[in-house]
Amino acid sequence: MKLSTRSRAAVLSTALASTLALAACGAANESEASSGGSDSGSGSSAAELSGDLVGAGASSQQAAMEAWQAGFEGEYPDVQFSYDPAGSGAGREQFIDGRADFAGSDAALDEEELTAAQERCGGGEVFELPNYISPIAVIFNLEGVDQLNLSPEVIARIFTGQITTWNDSAIAEANPDVELPDTAITPVHRADDSGTTDNFTDYLFQAAGDVWTAEPDGVWPLPGGEAANGTSGVVGVVESTAGAVTYADASRAGELGVANVGVGSEFVAPSAEAAAAVVENSPAVEGRGEYDFAIEVNRQTEGSGEYPIVLVSYHVGCVEYDDQSTADNVKAFMTYVVSEDGQQAAADNAGNAPISDTLREQAQGAVDAITAAG
């Protein structure tokens, strides 16, 4: 059954409160009954883990992170956990300069960042785990219109400013049953360095290259439009501005309209299942380390039921940390995040797609390798 935008928002809102409580309770019960899947691997028990665990980065992960934090803190109450949703670029920067123990990033490290991250990790390996997979929705504020069919080229023309009103013939052609007003379009983009922007511009560059010629980038490359910081910022502008449109994690669409995106001969709605499908058919980035699982998303897919505007959000950290406490805490947290329980808790709260068994096995191999310098 396909949920409407409003129904989907209600389901996610209801799930958030119940799942946070269940995650904390369930994790606490697990710590009493078993030390297997949640053990840090260094012989430490839940009671022995303490100190700080600092993460920073992607705001798209915020709803999932609330569930992960609840589950983790329920099992390890003496660890002081914090996550700053400052944006992917800020998170990578904080990790590289040592202010954060791990980063959440909606884009994999580029070559320069990877070199800097390896230096931060004492010259050792870096892990990049695709722990959060979610569709990026094109969301809009148009009274009486809950969804629209938009081709890649039309989306590109909207965000380059070539299409300026909602009743433009290019939009109307794909939506013959929708009464479109002549409301002016206000494109809204991220003002901060954003992995969501990097993914969205990568999609436009690959799927609508005749219209969108700017190289993919985490910093919005074009002048014009409105700008705001973070996912909450751009969504807030759209909510308060008639005719506005932006790109954001689909879990944050709320009561706004959502676009179905042209893929081959059909229009596909953003969903966890459609996002997972395109990731499963996308290759790994070549030339990375043993525990680096960056993915090259197939933006040009024509596969039925695949949604190509997807963000694969990573957790980035060191395979070897300077001290045992940090290594144990990162290891325990990542163990919970990649577990079936952790992934389901995040999916219930954020509407993202749980990672596949293949990705889970890969990630667990990296987590098991996390250690401290001798």
Side-chain angles (χ1 to χ4, degrees), residues 3 5 8-9 11-13 15-16 19 55-69 83-91 103-108 130-141 147 155 159 188-204 218 220 228-239 244-261 268-276 278-279 295 297 299 307-315 337 343 345-355:
L3 294 177
T5 302
R8 184 172 61 249
V11 169
L12 291 176
S13 176
L16 178 59
T19 304
S59 59
S60 62
Q61 292 187 22
Q62 192 165 1
M65 192 63 69
E66 289 171 354
W68 288 328
Q69 182 171 358
Y83 182 81
D84 177 14
S88 296
S105 177
D106 293 344
N131 289 343
Y132 180 86
I133 297 170
S134 183
I136 298 171
V138 177
I139 59 178
F140 55 88
N141 180 352
Q147 53 184 318
I155 295 171
F159 281 92
V188 182
H189 60 265
R190 292 280 288 269
D192 52 324
D193 187 346
S194 159
T196 308
T197 298
D198 197 353
N199 280 275
F200 185 61
T201 56
D202 184 45
Y203 162 75
L204 293 176
W220 188 254
N229 287 322
T231 302
S232 297
V234 293
V235 172
V237 172
V238 174
E239 287 175 334
V245 59
T246 194
Y247 53 93
D249 191 281
S251 67
R252 306 296 292 277
E255 296 188 359
L256 294 168
V258 177
N260 304 320
V261 172
V268 180
S271 70
E273 295 77 14
V278 75
V279 171
I295 294 171
V297 178
R299 309 289 187 188
Y307 184 85
I309 319 179
V310 61
L311 66 81
V312 179
S313 199
Y314 300 88
H315 289 144
V337 167
Q343 285 290 306
D348 289 342
N349 290 346
N352 60 295
I355 59 176

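No donor-acceptor pair under 3.5 Å is formed between the side chain of Asp106 and the backbone N or O of Ala58. Looking at Asn199, its side chain does come within 3.5 Å of a backbone N or O of Gly195 through a donor-acceptor pair. Between the side chain of Thr201 and the backbone N or O of Thr197, at least one donor-acceptor pair lies under 3.5 Å.
Judged as a ring-ring contact (aromatic ring centres under 6.0 Å, His included), and not counting sequence neighbours, the contacts of Phe140 are Trp166. For Tyr307, there are no ring-ring contact (aromatic ring centres under 6.0 Å, His included) partners at least two apart in sequence or on another chain.
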Assess the residue pair Glu255 and Glu239 against the criterion (side chain to side chain contact (heavy atoms under 4.5 Å, CB included)); give the C-alpha distance rounded to whole Å, side-chain angles, the decisive distance to 0.1 Å, and a yes or no. CA-CA 9 Å; Glu255 296 188 359; Glu239 287 175 334; over 6 Å; no
Side chain to side chain contact (heavy atoms under 4.5 Å, CB included) between Phe159 and Tyr247, worked out: CA-CA 10 Å; Phe159 281 92; Tyr247 53 93; 4.0 Å; yes
Could you give me the CA-CA distance, side-chain angles and deciding distance for Leu311 and Ile133, then say whether side chain to side chain contact (heavy atoms under 4.5 Å, CB included) is met? CA-CA 6 Å; Leu311 66 81; Ile133 297 170; over 6 Å; no
Could you check Val297 against Val310 for side chain to side chain contact (heavy atoms under 4.5 Å, CB included), going step by step and ending with a plain yes or no? CA-CA 8 Å; Val297 178; Val310 61; 3.5 Å; yes
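Side-chain contact, Tyr314 with Ser88: no donor N or O sits under 3.5 Å from an acceptor N or O. A side-chain N or O of Arg252 and one of Ser232 form a donor-acceptor pair less than 3.5 Å apart. A donor and an acceptor atom, one from each side chain of Asp249 and Thr231, are nowhere located under 3.5 Å apart. Using modelled atom types and a 3.5 Å distance limit, the side chains of Glu66 and Asn349 yield no donor-acceptor pair.
Side-chain contact between Val279 and Ile295 is present, with heavy atoms from C-beta onward closer than 4.5 Å. Looking at heavy atoms from C-beta onward, Val138 lies in side-chain contact with Val245 at the 4.5 angstrom threshold. Ile309 is not listed as a side-chain neighbour of Pro270, based on a closest heavy-atom distance of 4.5 Å or more.
The shortest heavy-atom contact between Pro85 and Ser59 is O-CB, 3.8 Å. Of all heavy-atom pairs spanning Gln343 and Ile355, the tightest one is OE1-N, 3.0 Å. Ser313 and Ser60 make their closest contact through OG-OG, 4.1 Å (heavy atoms, listed as atom of the first residue, atom of the second, distance). Of all non-hydrogen atoms in Thr196 and Arg190, the two that sit nearest each other are OG1-NH1, 3.9 Å. Nearest heavy-atom pair across Ala86 and Asp192 is O-OD2, 4.0 Å. Here the shortest heavy-atom pairing between Val238 and Asn141 reads O-ND2, 2.9 Å.
Taking the six-membered ring for Trp and thresholds of 30 and 60 degrees, His189 and Trp220 have nearly parallel ring planes, at less than 30 degrees apart.
Note that the OH atom of Tyr132 and the CD atom of Gln61 stand 7.5 Å from one another [nearest 0.5 Å].
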